[in-house]
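Here the structure is a predicted model, which means the values were calculated and not measured.
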Amino acid sequence: MAVSKRLRYEILRRDRYTCRYCGASAPDAPMRVDHVTPVALGGTDHPSNLVAACEPCNSGKTSSIEGYVDDMQSDAVPPSIEVLVSEAERLWSEAYNSVHASHEITVTQLAEVRSGVRDMRRMGMSADLIRRSATVAGFKGDTFICLTEISDPNWLAVTSEATRVWRSLWFQSTGHVAWPDMQDLLLFECSVEQAINAGLDRMVILRATTLAARVRGVYIEDHLDPSVRERCGL
């Protein structure tokens with residue numbers, strides 16, 4: 001049975017128009033939908049047996065790569081564990097330094113991050129999830145990234161932006177002599193997450209963040225209009 005046009009589109013979209021074998025992507029390389037296990041060898045048209053492939057890889061592929069889809073899970077181009085560890089370590093360090101610039105990263109912290117990446121990979125977590133988890137853990141100052149929960153990707157973008165604004169204005173409000181401590185940072189982060197879950201948009205959150213930081217407050221809901229608090233149940 002031929003793969004339908006609709007299914008071809010969904011496979012290409014799932015794989016982000018990127019070859020699952022070599023990493024080439026459209027429009028630089030013509031994309032095809034390929035059977036990992038060839039039909040002649042018993043392969044089916046199930047999405048788990050279909051991948052995006054550039055024309056050269058599609059033409060030169062053999063049945064020796066059977067099982068590749070299962071190993072890759074949802075990653076468009078699965079990195080090796082060593083590459084993934086290196087990526088996660090870099091993302092964690094960048095996030096950590098953006099919030100905790102006055103704290104030097106230790107060898108022990110990096111070792112814990114690397115260990116967490118390996119644990120998550122063994123548990124079957126995708127590379128994208130591990131990367132996001134490493135970034136969020138860095139913002140939190142946590143090194144055991146397996147414990148970092150990821151929900152709406154919007155959470156990371158808004159929370160990181162709000163944290164940078166809040167931390168900078170807090171520092172200014174003290175006459176540039178003191179930064180917020182970790183407990184205050186975590187309480188602020190929870191307050192932002194609660195606001196996001198309540199449906200508040202980015203600008204409303206950032207305005208409340210600015211007001212909270214100027215008085216060294218950690219709860220942005222204290223700086224929302226009463227009508228907004230009531231409507232969102234904050």
Side-chain angles (χ1 to χ4, degrees), residues 87-106 108-117 119-120 125 128-234:
E87 289 180 352
E89 182 180 324
R90 175 182 58 80
L91 292 169
W92 182 89
S93 298
E94 291 175 353
Y96 185 92
N97 284 328
S98 72
V99 178
H100 315 280
S102 59
H103 298 78
E104 184 177 351
I105 295 175
T106 66
T108 299
Q109 286 176 305
L110 292 179
E112 290 172 351
V113 170
R114 289 192 290 268
S115 177
V117 173
D119 287 343
M120 290 186 77
M125 303 298 179
D128 284 344
L129 179 61
I130 292 172
R131 293 184 189 105
R132 293 198 301 272
S133 184
T135 300
V136 175
F139 282 123
K140 290 184 175 182
D142 189 4
T143 57
F144 190 50
I145 67 172
C146 291
L147 294 180
T148 301
E149 296 181 0
I150 303 292
S151 52
D152 185 349
N154 182 56
W155 177 89
L156 175 58
V158 176
T159 302
S160 60
E161 183 178 9
T163 298
R164 287 194 295 270
V165 171
W166 177 79
R167 189 170 181 269
S168 176
L169 292 177
W170 176 300
F171 183 61
Q172 291 178 26
S173 72
T174 66
H176 300 87
V177 297
W179 295 98
D181 60 27
M182 181 59 67
Q183 181 176 352
D184 287 333
L185 178 63
L186 292 176
L187 289 173
F188 170 76
E189 182 183 274
C190 289
S191 180
V192 173
E193 184 173 6
Q194 185 178 20
I196 293 172
N197 291 336
L200 297 184
D201 64 30
R202 169 179 167 273
M203 289 309 301
V204 171
I205 290 173
L206 291 179
R207 282 196 295 269
T209 291
T210 300
L211 295 174
R214 287 174 178 168
V215 297
R216 297 197 290 280
V218 297
Y219 300 110
I220 66 172
E221 57 265 30
D222 292 342
H223 303 276
L224 296 170
D225 290 338
S227 60
V228 173
R229 293 182 60 182
E230 182 177 357
R231 173 170 56 84
C232 297
L234 296 173

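A search for side-chain contact (heavy atoms from CB on, under 4.5 Å) contacts involving R164 returns F139, S160, E161, not counting sequence neighbours. Shown here are the side-chain hydrogen bond (donor to acceptor under 3.5 Å, both in side chains) partners of S93, two or more places apart in sequence or in another chain: there are none. With sequence neighbours excluded, the residues forming a side-chain contact (heavy atoms from CB on, under 4.5 Å) with Q109 are W92, Y96, I105, T106, T143, listed by chain and number. Applying the side-chain contact (heavy atoms from CB on, under 4.5 Å) criterion to S191, with sequence neighbours excluded, gives Y219, I220, E221. In this view, T210 and V165, L169, R214 satisfy the side-chain contact (heavy atoms from CB on, under 4.5 Å) rule, not counting sequence neighbours. Here E89 pairs with R114 under the salt bridge (charged side-chain N to carboxylate O under 4.0 Å, His left out) rule; sequence neighbours left out. Take R90 and apply the salt bridge (charged side-chain N to carboxylate O under 4.0 Å, His left out) test, not counting sequence neighbours, and it matches E94.
Between the CD1 atom of I196 and the CZ atom of R202 there is a distance of 11.5 Å, given to the nearest 0.5 Å.
Using modelled atom types, one side-chain atom of S173 and one backbone atom of W170 make a donor-acceptor pair closer than 3.5 Å. T209 places a side-chain N or O within donor-acceptor distance of the main-chain N or O of I205, the cut-off being under 3.5 Å. Remark: side-chain polar atoms of W166 are paired, donor with acceptor, to backbone N or O of G217 under 3.5 angstrom. Judged by distance alone, the side chain of D225 and the main-chain N or O of S227 form no donor-acceptor pair under 3.5 Å.
You'll find the side chain of T163 stays beyond 4.5 Å of the side chain of V192, heavy atoms only. Counting heavy atoms from C-beta outward, P180 and R167 have side chains that approach closer than 4.5 Å.
Considering every non-hydrogen atom in both A134 and A88, the closest pair reads CB-O, 3.6 Å. Among all heavy-atom pairs drawn from V215 and H223, the shortest one is CG2-CE1, 3.7 Å.
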